[in-house]
Amino acid sequence: MGQRNRLQYIILGLLNQRPQTGYDLTKAFEHEIGEFWQAQHSQIYPMLKRLETVGDITHEDTVSGEKLAKKQYSLTPTGHDKLVAWVSEPSPELTATKDEFILKLYFIKTSDDPRLQPMLQEQAALHRAQLAHLQERQQTVFPDQTAIDQAYGHYLILDHAIGRERYYVEWLEKYLS
């Protein structure tokens, strides 16, 4: 399968959890989804319009406060079927991650390059902070087995992210002088 816009499936999946506004969906990319997939406001709103045009979602205008009208989006049966079909498909591709640090590292030729240690130190600090953040999220989102059982896939993703960050920190520390 070639490259295709997976954002539509993320939005369908989030709306399958509960009806949400565009703002709610944007916020999801700053938290849980943002740990493994990025999307901007400028991508989300056009996708909502496209999904509504093809009948995968619908919206209801709601009023918040005095006069603030919001669109609350919901999944249609067609959108639900599309989501179920996508989740059921194999995922045979390994997707390359775009890591600028790794790209820069590729061009370092010797172990005594004066740029190397500052790069490693910076990345170690960033990845330690990310690891701490993910561990805190795991404790907050999954405080007990019931929470894990209710969102097992999400738990697996968070556990994977913690393992990835733990390994990344260990790998960086191995080469710090």
Side-chain angles (χ1 to χ4, degrees), residues 1-100 127 129-166 168:
M1 161 185 32
Q3 180 67 12
R4 61 181 176 165
N5 191 336
R6 291 175 180 93
L7 178 59
Q8 65 184 321
Y9 299 109
I10 298 168
I11 291 173
L12 294 175
L14 290 169
L15 294 177
N16 190 51
Q17 294 175 344
R18 69 181 189 289
Q20 299 183 56
T21 65
Y23 177 80
D24 296 332
L25 293 167
T26 300
K27 286 296 177 192
F29 282 94
E30 293 176 14
H31 299 292
E32 308 315 321
I33 300 293
E35 300 295 346
F36 59 91
W37 203 273
Q38 302 294 313
Q40 305 301 315
H41 174 276
S42 61
Q43 296 169 290
I44 295 169
Y45 282 89
M47 182 58 71
L48 286 169
K49 186 173 185 171
R50 194 167 102 205
L51 290 170
E52 190 164 28
T53 299
V54 299
D56 291 338
I57 64 173
T58 187
H59 82 270
E60 178 180 311
D61 290 320
T62 60
V63 178
S64 175
E66 292 286 319
K67 297 180 181 179
L68 182 60
K70 294 181 179 182
K71 290 183 178 182
Q72 181 94 2
Y73 294 93
S74 300
L75 202 57
T76 65
T78 302
H80 181 265
D81 292 346
K82 188 175 186 177
L83 174 65
V84 168
W86 174 72
V87 170
S88 301
E89 289 176 3
S91 300
E93 301 170 357
L94 290 177
T95 305
T97 58
K98 294 180 180 178
D99 185 331
E100 186 177 6
H127 284 279
Q130 179 68 356
L131 177 58
H133 165 74
L134 292 170
Q135 290 170 328
E136 183 274 325
R137 290 297 302 153
Q138 187 177 47
Q139 291 173 355
T140 301
V141 177
F142 299 106
D144 55 36
Q145 190 62 45
T146 301
I148 292 170
D149 292 343
Q150 291 174 346
Y152 193 65
H154 182 178
Y155 173 78
L156 290 176
I157 291 165
L158 193 50
D159 187 59
H160 172 267
I162 288 168
R164 179 195 66 224
E165 290 302 320
R166 189 175 286 130
Y168 212 130

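Because only heavy atoms are used, hydrogens play no part in the values below, and waters and symmetry mates are left out as well, while side chains stay in.
- Ile11 approaches Leu25 most closely through the heavy-atom pair CG2-CD1, 4.2 Å.
- Summarising the geometry, atom CD1 belonging to Ile162 is positioned 9.5 Å from atom NE2 belonging to His133; distances are rounded to the nearest 0.5 Å.
- Rounded to the nearest 0.5 Å, atoms CD1 (Ile57) and CG (Leu75) are 8.5 Å apart.
- Using a 4.5 Å heavy-atom threshold, the side chains of Gln135 and Gln130 count as separate.
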> Which is it for Leu131 and His127 under the side chain to side chain contact (heavy atoms under 4.5 Å, CB included) test, yes or no, and what are the steps along the way?
Replying inline: CA-CA 6 Å; Leu131 177 58; His127 284 279; over 6 Å; no

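- A donor-acceptor pair shorter than 3.5 Å can be found between the side chains of Glu52 and His59.
- Checked by atom type, the side-chain pair Asp99/Tyr168 shows a donor-acceptor distance below 3.5 Å.
- Phe29 places none of its side-chain heavy atoms less than 4.5 Å from the side chain of His41.
- Applying the 6.0 Å contact sphere to CD of Glu60 captures no more than 12 heavy atoms from other residues, nucleotides or ligands.
- The two residues Arg18 and Gln20 make their nearest non-hydrogen contact at O-CG, 3.3 Å.
- Rounding to the nearest 0.5 Å gives a distance of 12.0 Å between CD of Gln17 and CG of Leu12.
- Checked by atom type, the side-chain pair Thr140/Glu136 shows a donor-acceptor distance below 3.5 Å.
- You'll find the side chain of Arg6 reaches within 4.5 Å of the side chain of Trp37, heavy atoms only.
- Between Leu134 and Arg164, the shortest heavy-atom contact is CD1-NH2, 4.4 Å.
- Here the closest heavy-atom approach between residue Asn5 and residue Met47 is recorded as ND2-CE, 2.9 Å.
- No option in Leu15, Thr62, Thr58, Asp61 other than Thr62 meets the side-chain contact (heavy atoms from CB on, under 4.5 Å) test with Gln72.
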> Is there a side chain to side chain donor-acceptor pair (under 3.5 Å) between Asp24 and Thr21 once you walk through the steps?
Replying inline: CA-CA 5 Å; Asp24 296 332; Thr21 65; 3.1 Å; yes

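- Distance alone, capped at 3.5 Å, is enough to place a donor-acceptor pair between the Thr76 side chain and the Asp56 backbone.
- Taking both residues in full, the closest heavy atoms of Lys82 and Gln8 are given as NZ-OE1, 3.1 Å, listed atom of the first, atom of the second, then distance.
- If you check the side chains of Thr146 and Asp149, you find no donor sitting under 3.5 Å from an acceptor.
- Minimum heavy-atom separation, Leu7 to Ala39: CD1-CB, 3.8 Å.
- Without hydrogens or angle criteria, Tyr45 side chain to Tyr23 main chain gives a donor-acceptor distance under 3.5 Å.
- In this structure, Thr26 OG1 and Gln43 CD are separated by 10.0 Å, a value rounded to the nearest 0.5 Å.
- In summary, the aromatic rings of His154 and Phe142 are positioned with their centroids under 6.0 Å apart.
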